[in-house]
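Take a look at the structure set out below.
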Amino acid sequence: MSVRKLKPITPGQRFRVVNGFDAITTDKPEKSLLAPIKRTGGRNSQGKMTMRHKGGGHKRRYRIIDFKRERFNDAAEVMSIQYDPNRTAFIALVKYADGEKRYVIAQNGLQVGQKIVSGDAVAPEIGNAMKLANIPLGTIISCIELRPGQGAVMARSAGAFAQLMARDGKYATIKLPSGETRLLLVDCLATIGVVSNSDHQLLVSGKAGRSRWLGRRPRVRPVVMNPVDHPMGGGEGKSSGGHPRSKNGIPAKGYRTRSKTKASNKYIVERRKK
């Protein structure tokens with residue numbers, strides 16, 4: 001994992017920091033695991049804009065990722081580590097003994113030629129998927145299921161990881177990347193290791209055009225809008241916008257939006273830090 005700072009031969013490259021991509025082993029994706037992506041531009045089925053600041057961007061194809069890892073006790077060999085334009089983490093192409101190929105989220109330290117496996121009685125090594133019931137306490141994990149059989153939904157982005165803190169009966173205590181500590185059923189699968197591309201947070205785009213390539217349209221500050229457009233708009237001259245809040249009027253700092261009657265509240269041991 002490394003980053004590169006470019007020589008400032010153009011204004012857009014003066015502060016730009018790019019990924020070294022030294023972990024990537026090939027730039028050609030597996031054709032059988034590609035799917036088309038239909039871009040919406042932030043519009044719904046009626047053509048109305050329901051999500052701001054989206055649109056444009058380079059054409060992409062979706063990489064079909066195996067988040068369930070349901071081929072238990074069946075070892076697969078890592079064929080290559082690849083870039084995925086749809087996520088911050090790198091992905092690994094793995095091949096099973098019967099010739100089936102799948103993409104999985106790559107963990108830091110995963111090497112080409114390495115064997116990974118999911119199951120109950122497997123070693124807690126990087127890339128292996130196990131139930132929380134069988135993972136040693138204190139282990140760093142990622143790609144965690146919220147419900148058994150659902151597939152990984154937590155700790156999937158670049159550099160993300162959680163920690164298995166304790167087990168009691170049918171529940172395990174997990175410290176999540178957000179700082180929240182919550183209970184999960186011990187039958188949920190998790191992958192050993194930290195998600196790859198940890199240096200993603202160090203990258204600097206360098207120019208507005210690179211955001212446009214990623215499909216992000218310009219964002220206007222609320223304080224320069226008119227009162228009809230935003231609660232923080234209006235005023236004479238450079239007057240401040242008042243209490244920070246969203247376009248819908250919901251306070252932005254310190255206001256808790258989580259429902260007090262949400263069913264999963266009882267599984268949260270400690271809320272995330274403010």
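The basis for the numbers below is simple: all heavy atoms, side chains too, and nothing from hydrogens, waters or symmetry mates.
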Paired with Leu93, the side chain to side chain contact (heavy atoms under 4.5 Å, CB included) test is passed by just one of Val78, Thr25, Leu33, namely Leu33

| said: Hydrophobic cluster membership, with links at side-chain heavy-atom distances under 4.5 Å among I/L/V/M/F/W/Y: are Leu110 and Phe90 in one? | reply: yes

Q) Considering residues, nucleotides and ligands other than Phe67, do more than 12 of their heavy atoms fall under 6.0 Å from its CZ? A) yes

- request: Please examine the side chains of Val194 and Ser142, heavy atoms only from C-beta on, and report whether any two atoms are closer than 4.5 Å.
  value: no

### Query
Should Leu137 and Leu185 be regarded as members of a common hydrophobic cluster, given that ILVMFWY residues are connected when their side-chain heavy atoms come within less than 4.5 Å of each other, either directly or indirectly?
no

Output for pair (Arg258 CZ, Arg272 CZ), nearest 0.5 Å, gives 9.5 Å

Ile144 and Leu184, any side-chain heavy atoms less than 4.5 Å apart
yes

Review point. Less than 4.5 Å apart, any side-chain heavy atom of Asn86 and any of Arg60?
Key: yes

Less than 4.0 angstrom from a charged side-chain N to a carboxylate O is my criterion; do Glu145 and Arg147 meet it?
no

Quiz item: Is atom NE2 of His243 surrounded by more than 12 heavy atoms (other residues, nucleotides or ligands) closer than 6.0 Å?
Solution: no

Value for CZ (Arg217) from CZ (Arg212), rounded to nearest 0.5 Å, stands at 6.0 Å

Minimal heavy-atom distance between Ala172 and Arg167, with the atoms involved, is CB-CG, 3.9 Å

Relative to the ring of Tyr83, is the ring of Phe21 parallel (under 30°), tilted (30 to 60°) or perpendicular (over 60°)? perpendicular

Tell me, do Glu125 and Gln114 make a side-chain contact under 4.5 Å, heavy atoms counted? no

| Less than 4.5 Å apart, any side-chain heavy atom of Val18 and any of Val3? | no

In the single-linkage hydrophobic clustering (I, L, V, M, F, W, Y; side-chain heavy atoms under 4.5 Å), do Ile65 and Val117 co-cluster? no

Checklist line | Salt bridge flag under 4.0 Å for residues Asp98 and Arg71 | finding: yes

### Task
Run the salt-bridge test on Arg102 and Glu30 with the 4.0 Å N-O cut-off and return the result as yes or no.
no

When rounded to the nearest 0.5 Å, the distance separating CE of Met49 from OG1 of Thr40 is 10.0 Å

The reported gap from CG in Asn265 to NZ in Lys260 (rounded to nearest 0.5 angstrom) is 10.5 Å

Rounding to 0.5 Å, atoms CE (Met130) and OG1 (Thr139) come to a distance of 8.0 Å

(message) I'd like to check Ile105 versus Asp84 (side-chain heavy atoms, cut-off strictly below 4.5 Å). Are they in contact?
(response) no

Mind checking whether Leu164 and Val153 sit in one hydrophobic cluster, side chains of I, L, V, M, F, W, Y counted as touching below 4.5 Å?
-> yes

Hey, are the side chains of Ser118 and Glu70 touching, using non-hydrogen atoms and a 4.5 Å cut-off? no

**Q.** same_hphob_cluster(Leu132, Ile140) at 4.5 Å side-chain heavy-atom cutoff
**A.** no

- Given side chains that start at C-beta, do those of Arg156 and Thr191 come closer than 4.5 Å, heavy atoms only? no

- Task: Would you please say whether a donor-acceptor pair under 3.5 Å links the side chains of Asn19 and Asn197?
- Result: yes

One should read off an interatomic distance between Cys143 SG and Gln107 CD, to the nearest 0.5 angstrom, of 5.0 Å

